[in-house]
Structure formats: structure tokens, C-alpha cells
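Below, read A as the first sequence line, B as the second, and so on, with proteins coming before strands; counting in each chain starts at 1. Since this is a predicted model, take the numbers as computed values, not measurements.
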Amino acid sequence: ARSCNLLLGRLTKMGNGEGSRKFFKEMMGAGIKPSVFTYNIMIDYLCKEGDMEGAQRLYADMKVLNITPDVVTYNSLIDGHGKLGQLDESICIYNDMINIGCFPDVITYNALINCFCKFGKMPQAFEFLHSMKKSGLKPNVVTYSTFIDAFCKEGMMQEAIKFFMDMRRVGLIPNEFTYTSLVDANSKAGRMEEAVKLIKEMSEAGITINTVTCTALLDGLCKEGKMKEAE
RNA sequence: UCUUCAAAGAGGAC
């Protein structure tokens, strides 16, 4: 069953959705006992497809088979609903897991924070940040990067920079995601000197400048009409 | 390390 899960996970990561659906059915038909991993892989896949009904159906099946959902199961469902803007659903699942005695982890809170930010509910995102801290969890680089990205997109650069400094203060190292949000915001606002400065800072910090970061910068340069510099 | 969270552009629709 474990090697089947490995294969199933590989199929979904490759984007072969049809393949994983079929494989899942075959597993069930072949009498291979699905585990919580098997269900988590399929549920996450359906969530990413936006098929929340399908995901909820599998979640219901788990109960029938006496497979106990774990924090990963709940995190996938919370993220899936949240990305579709079904924020109330996300909160329901969050409450459910707590009632059942499954403790939310950093990923749970990060997913909630991200979705609320993306749908313009920053105040609620902050409430989750507080709940997270209250329950003894420490915000990580993803948590900070998520807020930084949200502030950047809202044009609240002073707040973004504050978080950027805060994270370093608590010993977290900004990564390519963190920098890309900042580069993108400056690039889109036409502050190219600042964007280039950040890129330099990145390479000095030993962070690889990948395609995403690079296109964020190039987009700004092209729109400035500075094709030569872009090259 | 069998599964879950954050970044840019492009395309299609409106």
C-alpha cells in the first residue's frame, strides 16, 4: 500500500489527474487497504482542482472506513475551500478539527492567513496570526512571506518592510518567495532602482535568483521601456 | 523523508 501511495503521489504531482483517479479506483478494487495517506493524496488533488464536493465525499468515505483524518486532511480541505473564497467553510473545518481534538499546526494557520489575505480580509488574517501565537506556534518564513506579499499587493510597502525586518529580528531568513514579492511590488510601481537593489541583496545572501524572481523584475524593466537594461 | 501552506509572467473568458 505504501508503494502505491508513493506512485499515487507522483502521479498527482506530475499533473496526471486522470491517472491518479484511475489508480485510486484500481487500488480500491484490488483490495489494497487505503491509508490516511492515500486519502490525503486524493483529497488534496481534488481540492487543488477546485472539486470540493469530491473532496468532501472522500472525507466522508474515510469515516465509513474508520480511517481517522489527520491534520494534513484538514489542512487540504481548509486550503481548498479558502482558495475558492469559501472562507466560511474553511472556518467551519478549522473549528471542527479543534472540536475533534486535532490540533491546528503552522500550515493550518498559514493556509487560513493566505486565503483571508487574498480575499481582502486582512483583519481576520491577523486574528489567525494571534490565535497561532496564542496556541504556542511560531510564525515561520511562509507566514511572514504571506503577509509581506499581501502588503505588497495592497501597496502598503511600509508595512511590508516592517514585516521584512521583523522576520529577520526573530531569526528567520527571507527566501526567494519573500524577495520576489518585494521585487514585484517595486517593479510594478516603477521603482526599478529599488528592485535591482533587492536582487543584489538576494545574490549576496546566496539565494538563487530563479525564473519567477527574474520575470518579476524583467516585467517592470520592459514596461519602463528599458529594453536594453532588461537584456 | 508515501500526503498539506507563501512569490512573477503568459493564455482563454468577461
*Asks:* Would a hydrophobic clustering, with Ile, Leu, Val, Met, Phe, Trp and Tyr connected at side-chain separations under 4.5 Å, put A/Val72 with A/Ile113?
*Replies:* yes
*Asks:* A/Asp44 has a side chain; which of B/rC5, B/rA7, B/rU4 sits nearest to it?
*Replies:* B/rU4
*Asks:* Atom CE of A/Met42 and atom P of B/rU4: how far apart are they, to the nearest Å?
*Replies:*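 Whole-Å distance recorded here is 14 Å.
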*Asks:* Write down the distance between OH (A/Tyr45) and P (B/rU4), rounded to a whole number of angstrom.
*Replies:* 15 Å
*Asks:* Can you find a donor-acceptor pair, distance only, under 3.5 Å between A/Thr146 side chain and B/rA6 base?
*Replies:* no
*Asks:* Choose from B/rA6, B/rC2, B/rC5 the nucleotide whose nearest atom is closest to any side-chain atom of A/Leu6.
*Replies:* B/rC2
*Asks:* Could you walk me through whether A/Lys153 and A/Asp149 pass salt bridge (Lys or Arg N to Asp or Glu O under 4.0 Å), step by step?
*Replies:* CA-CA 6 Å; A/Lys153 298 250 187 328; A/Asp149 184 61; 2.7 Å; yes
*Asks:* Side-chain N or O of A/Lys118 versus OP1/OP2 of B/rA6: is the shortest distance under 4.0 Å?
*Replies:* no
*Asks:* Please state how far atom CZ in A/Phe37 lies from atom C1' in B/rC2, giving the value in whole angstrom units.
*Replies:* 6 Å
*Asks:* Provide, to the nearest angstrom, the distance between the OH atom belonging to A/Tyr179 and the C1' atom belonging to B/rA7.
*Replies:* 14 Å
*Asks:* Under 4.0 Å between a side-chain N/O of A/Lys13 and OP1 or OP2 of B/rU3, yes or no?
*Replies:*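 It does, given that an N or O in the side chain of A/Lys13 lies less than 4.0 Å from OP1 or OP2 of B/rU3.
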*Asks:* Whether A/Lys153 contacts B/rA6 is assessed here as follows: a side-chain N or O lying under 4.0 Å from the phosphate OP1 or OP2. Is that the case?
*Replies:*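 No.
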*Asks:* Counting just side-chain N and O atoms, does A/Lys188 come under 4.0 Å of either OP1 or OP2 of B/rA7?
*Replies:*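 No, outside the criterion.
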*Asks:* For the side chain of A/Thr215, starting at C-beta, report the closest nucleotide among B/rU4, B/rC5, B/rA8.
*Replies:*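 Among the listed nucleotides, the one closest to the side chain of A/Thr215 is B/rA8.
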*Asks:* Does the pair A/Asp44/A/Lys48 count as a salt bridge with the N-to-O cut at 4.0 Å?
*Replies:*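 A salt bridge links A/Asp44 with A/Lys48.
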*Asks:* Any base atoms under 4.0 Å from A/Asn210, or only sugar-phosphate, or nothing? Heavy atoms, all strands.
*Replies:*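 The residue A/Asn210 makes base contact.
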*Asks:* Same cluster or not: are A/Met14 and A/Leu46 linked, directly or through other Ile, Leu, Val, Met, Phe, Trp or Tyr residues, by side-chain heavy atoms under 4.5 angstrom apart?
*Replies:* no
*Asks:* A/Lys83 has an atom NZ; how far is it from atom P of B/rC5, in whole Å?
*Replies:*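 Rounding to the nearest Å, NZ of A/Lys83 and P of B/rC5 are 6 Å apart.
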*Asks:* Distance under 6.0 Å and angle within 45° of the ring axis: does A/Arg168 meet both against A/Phe164?
*Replies:*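 The answer is yes, since A/Arg168 meets both limits relative to A/Phe164.
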*Asks:* Using the rule ring-ring contact (aromatic ring centres under 6.0 Å, His included), only one of A/Phe126, A/Phe128, A/Phe177, A/Phe116 pairs with A/Phe147; which is it?
*Replies:* A/Phe126
*Asks:* For A/Asp79 and B/rA6, give me the distance from atom CG to atom P, rounded to whole Å.
*Replies:*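 Roughly 6 Å, once rounded to whole Å.
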*Asks:* Write down the distance between CG (A/Leu112) and C1' (B/rC5), rounded to a whole number of angstrom.
*Replies:*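 Computing the A/Leu112:CG to B/rC5:C1' distance gives 10 Å.
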*Asks:* Where the side chain of A/Asn40 is concerned, which of B/rA7, B/rU3, B/rC5 is the nearest nucleotide?
*Replies:* B/rU3
*Asks:* A/Asp105 near the nucleic acid: base, sugar-phosphate alone, or nothing, with a heavy-atom cut-off under 4.0 Å?
*Replies:*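 No contact.
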*Asks:* Please classify the nucleic acid contact of A/Ser181 as base, sugar-phosphate, or nothing, using heavy-atom distances under 4.0 Å.
*Replies:* sugar-phosphate
*Asks:* Check the distance between B/rU1's P and A/Asn5's CG and give it to me in whole angstrom.
*Replies:* 16 Å
*Asks:* State which of B/rC2, B/rU4, B/rG9 makes the closest approach to the side chain of A/Asp219.
*Replies:* B/rG9
